[in-house]
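Letters go in sequence order (proteins before strands), and every chain restarts at 1. Not measured: the values here are computed from a predicted model.
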Amino acid sequence: MALVKICEVLGGCHENEKVAIRGWVYRKREGKTLIFLLVRDSTGFIQCTVKKDSPAWTEAERLTIESSLTLEGTAKPDKRAPGGYEIVAESVGIIGLAELFPITKDQSEQFIRDVRHLWLRSRRMNLVMKIRDDVLQFSRDFFKNQDFTEVSPPMFISAAVEGGSTLFGLKYFDQNLYLTQSSQLYLEILIYSLEKVYCIAPSFRAEKSRTIRHLTEYWHMEGEWPFADMNDLMRFEEELMAYICRQTAEKCKPELEELGVDVSKLASVKTPFPKITYTEAVELLRKKGAKLKWGDDLGYEEEKTLAEEFGKPFFVYDYPTAIKAFYCKTYRDRPEVAMSVDMMVPRIGEVSTGGAREDDKAVLIKRIKDMGLKTEDYEWYLDLRRYGTVPHVGFGMGLERLLVWMLDLENIIDAIPFPRTTRRFYP
RNA sequence: GCCGCCGUGGCUCAGCCCGGUAGAGCGGCUGGCUGUUAACCAGUCGGUCAUAGGUUCGAAUCCUAUCGGCGGCGCCA
């Protein structure tokens, strides 16, 4: 008897054949002469019926919600069954008899989060995790096709990437180290030998942000490459984004539809994206009544206003130098403007930040000092400008933020299996 | 860091404004019924109302503090 996945049966591959499935009990309805079992595996759900005179009856009676089992029977088309197919059981083998499962039909946000390790079994989380896997795969495919090399940066770091207070500190034997908040500086090291490099790795932020778009540990997709400028950067980012969206729309259509996501939103992502300068953004916002002046950073409200204006992914570039990090390259004739670009999407705001990196040693040293940082902390970074410096660009994209936009998730915690927020880190 | 909201059986909630013996649904258990679709009917078990203090003859209810959770802003991806 063939051991099959549930999706195969639902697809009609085993009509009127004897099959065996392995999975978990999702629902059970018990009658005097008939038991209905809704069994799930990683691929879907199928209704199984157990009749009173079946040898499977005794074991089926004992089954509880979320018990694991093997079930053998005949796959039959049946209009009364959800999915159009059911398995008429001939034998049931209990693998793990479940205790009373705590998640029932009445659920609150709080409870679902308290039992995250069990909630991950839900259909919804299952679908999101599968799409997440595909999005990662599409991303890697795109980088690979563009001749990028995937590299593995460290998570333990000895100095701040941006000199901020948002780092998690930790004891490293008898030294103080930090968890990385970006792998950018390490990618910059590697472009001198591998040229185009990227990584998909965690970044950690100790910001006490309490919003639906912040995690303290998130997956950061970062790329860095030499001999490139702002135009190359924006072109790459928009092509990457469009590729991911269109591939997802094409390859994950059933999952997207089951999640209630409008597939056309993703299928219709096309390049080039709208691009406006920071200065234009400020003007546009002022016309709409916002009280901000050139030099002010764009807050979440401003980003949302702009995003509503475009209704799709777009870029804001050429920010004031003063609100950007020390490594941002500035225009030689306009040092008050930095070659920095953010990609924004509706509802979320920033999904990525990138830019040209300062490649002139003298300018970089001045910038480090102006920001109140110590050049001693960045000696190896300065070495990169001493030995064969090269113009280069790079960016970092928040994977979970991307997924929130793509899948219309209500909260970023649902874009990652084990979310870490300021208050949640269990299990 | 600042601001707002929430905490009552295993789960979801009502009761709180206006103080007077703690309620319902779901789940569990028992029985009945049914090709069921997170079924239905009857019965039953189950709560020191987050914690601590205060006001009061009397506090789930009013006041104070603490703890836990959620969200908004700031900061960021």
Q. What is the pairing partner of rC40(B), taking Watson-Crick or G-U wobble pairs with both distances under 3.5 Å in any strand?
A. rG32(B)

Q: Measure distances between side-chain N and O atoms of Arg27(A) and base N and O atoms of rA38(B), and say whether any donor-acceptor pair falls under 3.5 Å.
A: yes

Q. Under 4.0 Å between a side-chain N/O of Arg113(A) and OP1 or OP2 of rG71(B), yes or no?
A. yes

Q: Select base, sugar-phosphate, or nothing to describe what Phe36(A) touches, counting heavy atoms under 4.0 Å on all strands.
A: base

Q. Under the criterion side chain to side chain donor-acceptor pair (under 3.5 Å), which of Glu188(A), Arg357(A), Lys329(A) is the partner of His392(A)?
A. Glu188(A)

**Q.** Per Ser209(A) side chain, nearest of listed nucleotides rU12(B), rC76(B), rC75(B)
**A.** rC75(B)

Q. Who does rG46(B) pair with, Watson-Crick or G-U, both distances under 3.5 Å?
A. none

Q. Which base, if any, makes a Watson-Crick or G-U wobble pair with rG1(B), both distances under 3.5 Å?
A. rC73(B)

(Q) Rounding to an integer number of Å, can you tell me how far Asp342(A) CG sits from rC75(B) P? (A) 13 Å

Q) Closest to the Pro82(A) side chain: rA77(B), rU37(B), rC11(B)? A) rU37(B)

Q.
Need one value for Pro102(A): base, sugar-phosphate or nothing, where a base atom within 4.0 Å counts as base even if backbone is also close, heavy atoms only.
A. nothing

Q.
Using only modelled atom types and a 3.5 angstrom limit, is any donor from either the side chain of Asp106(A) or the base of rG27(B) paired with an acceptor on the other?
A. no

**Q.** Nearest-0.5 Å distance, CG of residue Leu69(A) to OG1 of residue Thr64(A)
**A.** 10.0 Å

Q) Do we see a donor-acceptor contact under 3.5 Å between the side chains of Thr271(A) and Glu238(A)? A) no

Q. NA contact type, Thr104(A), heavy-atom cut-off 4.0 Å: base, sugar-phosphate, or nothing?
A. base

Q.
Any N or O donor-acceptor pair under 3.5 Å from the base of rC70(B) to the side chain of Arg424(A)?
A. no

(Q) Using Watson-Crick or G-U wobble geometry with both distances under 3.5 Å, which nucleotide pairs with rG7(B)? (A) rC67(B)

Q) Between rA38(B), rG27(B), rG32(B), which nucleotide has the shortest distance from any of its atoms to the side chain of Leu100(A)? A) rG27(B)

Q: Please tell me which of the listed nucleotides, rG69(B), rC75(B), rC73(B), lies nearest to the side chain of Arg423(A)?
A: rG69(B)

(Q) Under 4.0 Å between a side-chain nitrogen and a carboxylate oxygen: does that hold for Asp78(A) and Arg80(A)? (A) yes

Q.
Under 4.0 Å from OP1 or OP2 of rC33(B): is there any side-chain N or O of Lys32(A) that close?
A. yes

Q: Would you indicate what Leu38(A) reaches in the nucleic acid, counting non-hydrogen atoms under 4.0 angstrom: base, sugar-phosphate, or nothing?
A: nothing

Q. Closest to the Leu34(A) side chain: rC33(B), rG35(B), rG25(B)?
A. rG35(B)

Q.
Just to be sure I understand the rule, does Gly349(A) reach a base, reach only the sugar-phosphate, or reach nothing, if contact means heavy atoms closer than 4.0 Å?
A. nothing

Q) Where the side chain of Thr211(A) is concerned, which of rC76(B), rU36(B), rC73(B) is the nearest nucleotide? A) rC73(B)

Q. Using the P atom in both, what is the distance from rA50(B) to rC16(B), to the nearest Å?
A. 15 Å

**Q.** Interatomic distance at C1', rA22(B) relative to rC13(B), whole Å
**A.** 14 Å

Q: Determine the Euclidean distance between corresponding P atoms of rG9(B) and rA52(B); express it in Å to zero decimal places.
A: 15 Å

Q: Report the nucleotide, chosen from rG35(B), rG74(B), rC26(B), that has the shortest atom-to-atom distance to any side-chain atom of Thr49(A).
A: rG35(B)

Q) So does Asn411(A) get a side-chain nitrogen or oxygen closer than 4.0 Å to the phosphate oxygens (OP1/OP2) of rC70(B)? A) no

(Q) Using a 6.0 Å distance limit plus a 45 degree cone around the ring axis, check whether Arg213(A) lies over the aromatic ring of Tyr300(A). (A) yes

Q. Does a distance-only test, which skips hydrogens and angles, find a donor-acceptor pair under 3.5 Å between the side chain of Glu86(A) and the base of rG35(B)?
A. yes

Q: Just call it for Asp297(A): base, sugar-phosphate, or nothing, with non-hydrogen atoms closer than 4.0 Å on any strand.
A: sugar-phosphate

Q: Compute whether any side-chain donor of one residue and acceptor of the other, for Asp133(A) and Gln137(A), lie under 3.5 angstrom apart.
A: no

Q. Salt bridge or not for Glu350(A) and Arg401(A), using N-O below 4.0 Å?
A. no

Q) Base, sugar-phosphate, or nothing: which does Glu400(A) touch, judged by heavy atoms less than 4.0 Å apart? A) nothing

**Q.** rC45(B) to rG20(B) separation - C1' atoms, rounded to the nearest Å
**A.** 28 Å

(Q) When the P atoms of rG68(B) and rU51(B) are compared, how many Å lie between them, rounded to an integer? (A) 15 Å

Q | Strand partner of rA22(B), provided both Watson-Crick or wobble distances fall under 3.5 Å | A | none

Q) From rG74(B), rG71(B), rG35(B), pick the nucleotide closest to the side chain of Arg210(A)? A) rG71(B)

Q. Which nucleotide in the list rA77(B), rC73(B), rG69(B) gets nearest to the side chain of Gln110(A)?
A. rG69(B)

Q: Output the single nucleotide from rU36(B), rG32(B), rU12(B) whose closest atom is nearest the side chain of Gln47(A).
A: rU36(B)

Q: Would you mind classifying the nucleic acid contact of Ser352(A) as base, sugar-phosphate or nothing, using non-hydrogen atoms under 4.0 angstrom?
A: sugar-phosphate

